[in-house]
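What follows is one structure encoded as structure tokens, with my remarks underneath.
Values in this document were obtained by computation on a predicted structure and should not be read as measured data. Computed over heavy atoms, backbone and side chain alike; hydrogens, waters and symmetry mates excluded. Quick note: residue numbers are just sequence positions, from 1.
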Amino acid sequence: MRMSLAQRVLLTWLFTLLFLIMLVLKLDEKANWNWFLIFIPIWIFDTILLVMLIVKMSGRCKSGYDPRNGSQNLKKKVWYLVAMLLKLAFCLTLCAKLERFTDMKLTFVFLPLWALLMGAMVELGLNIFCDRRD
């Protein structure tokens, strides 16, 4: 399951455009849709990314895999998996808050997003400063 760069860009653009169109229709009150329905393009895209990530991670389990320099790669893939799950948690809590399913404070809704952003800053710092020392 290998996609070229052009296919990945087109897929990203397509799902983003579909999400934005649905979001604008909801905010302009042209469509009386559920917020969970609005976020379906985002979740489909995330599901595709998660499947691709899990397939790549499970490739380490096959026989004949060369484990040299694999621990760094595995750590990065685990971080990507955690980041996707944090993004999913944020989207679900945001939709639940917008649909008024829960009486949760916005602080708690945004906790997964803040954790995701903090983790991204740590990874960025590690990539910048660890590469400079080498």
Inset, instruction - Using a 4.5 Å cut-off on heavy atoms from C-beta on, say whether the side chain of C95 contacts that of W43. - result: yes
Inset, instruction - Could you tell me the separation between the CG atom of L126 and the NZ atom of K75, rounded to the nearest 0.5 Å? - result: 10.0 Å
Inset, instruction - Flag the pair F45 / F39 as yes when their ring centroid distance falls below 6.0 Å, and as no otherwise. - result: no
Legend entry - For the student: nearest non-hydrogen atoms of K77 and L53, plus distance: O-CD2, 3.7 Å
Inset, instruction - Identify whether I42 and L25 are in the same connected component of the hydrophobic contact network (ILVMFWY, side-chain heavy atoms under 4.5 Å). - result: yes
Inset, instruction - Considering non-hydrogen atoms only, spot the tightest contact between T12 and T16 and give its length. - result: O-OG1, 2.7 Å
Inset, instruction - Please examine the side chains of I38 and F19, heavy atoms only from C-beta on, and report whether any two atoms are closer than 4.5 Å. - result: yes
Legend entry - F129 reachable from M121 in the ILVMFWY side-chain graph, under 4.5 Å edges: no
Legend entry - Heavy-atom donor-acceptor pair, K97 side chain to M104 backbone, under 3.5 Å: yes
Inset, instruction - Examine L17 and M22 and state if one hydrophobic cluster contains both, with Ile, Leu, Val, Met, Phe, Trp and Tyr joined whenever side-chain heavy atoms are less than 4.5 Å apart. - result: yes
Inset, instruction - Heavy atoms only: give me the nearest L50-L81 pair and the separation to one decimal. - result: CD2-CD1, 3.5 Å
Legend entry - Close side-chain approach of L113 and L86, heavy atoms under 4.5 Å: no
Inset, instruction - Please round to the nearest 0.5 Å and tell me the distance separating atom OG1 of T47 and atom CG of L49. - result: 9.0 Å
Legend entry - Verify same cluster id: W33, L23 (apolar side-chain graph, 4.5 Å): yes
Legend entry - L116 to W79 - nearest heavy-atom pair and separation: O-CH2, 3.9 Å
Inset, instruction - Check whether any side-chain heavy atom of W114 lies under 4.5 Å from a side-chain heavy atom of T107, and answer yes or no. - result: yes
Inset, instruction - Kindly indicate, with the supporting measurements, whether the criterion side-chain contact (heavy atoms from CB on, under 4.5 Å) is fulfilled by E123 and Y80. - result: CA-CA 11 Å; E123 183 187 356; Y80 292 157; 4.2 Å; yes
Legend entry - Short side-chain to backbone donor-acceptor contact, D28 and K30, under 3.5 Å: no
Legend entry - Sub-4.5 Å side-chain heavy-atom contact between I48 and F15: yes
Inset, instruction - For Q7 and S4, indicate whether the former's side chain and the latter's backbone hold a donor-acceptor pair under 3.5 Å. - result: yes
Inset, instruction - Following the transitive rule for hydrophobic clusters with a side-chain heavy-atom cut-off under 4.5 Å over Ile, Leu, Val, Met, Phe, Trp and Tyr, establish whether L20 and L27 coincide in one cluster. - result: yes
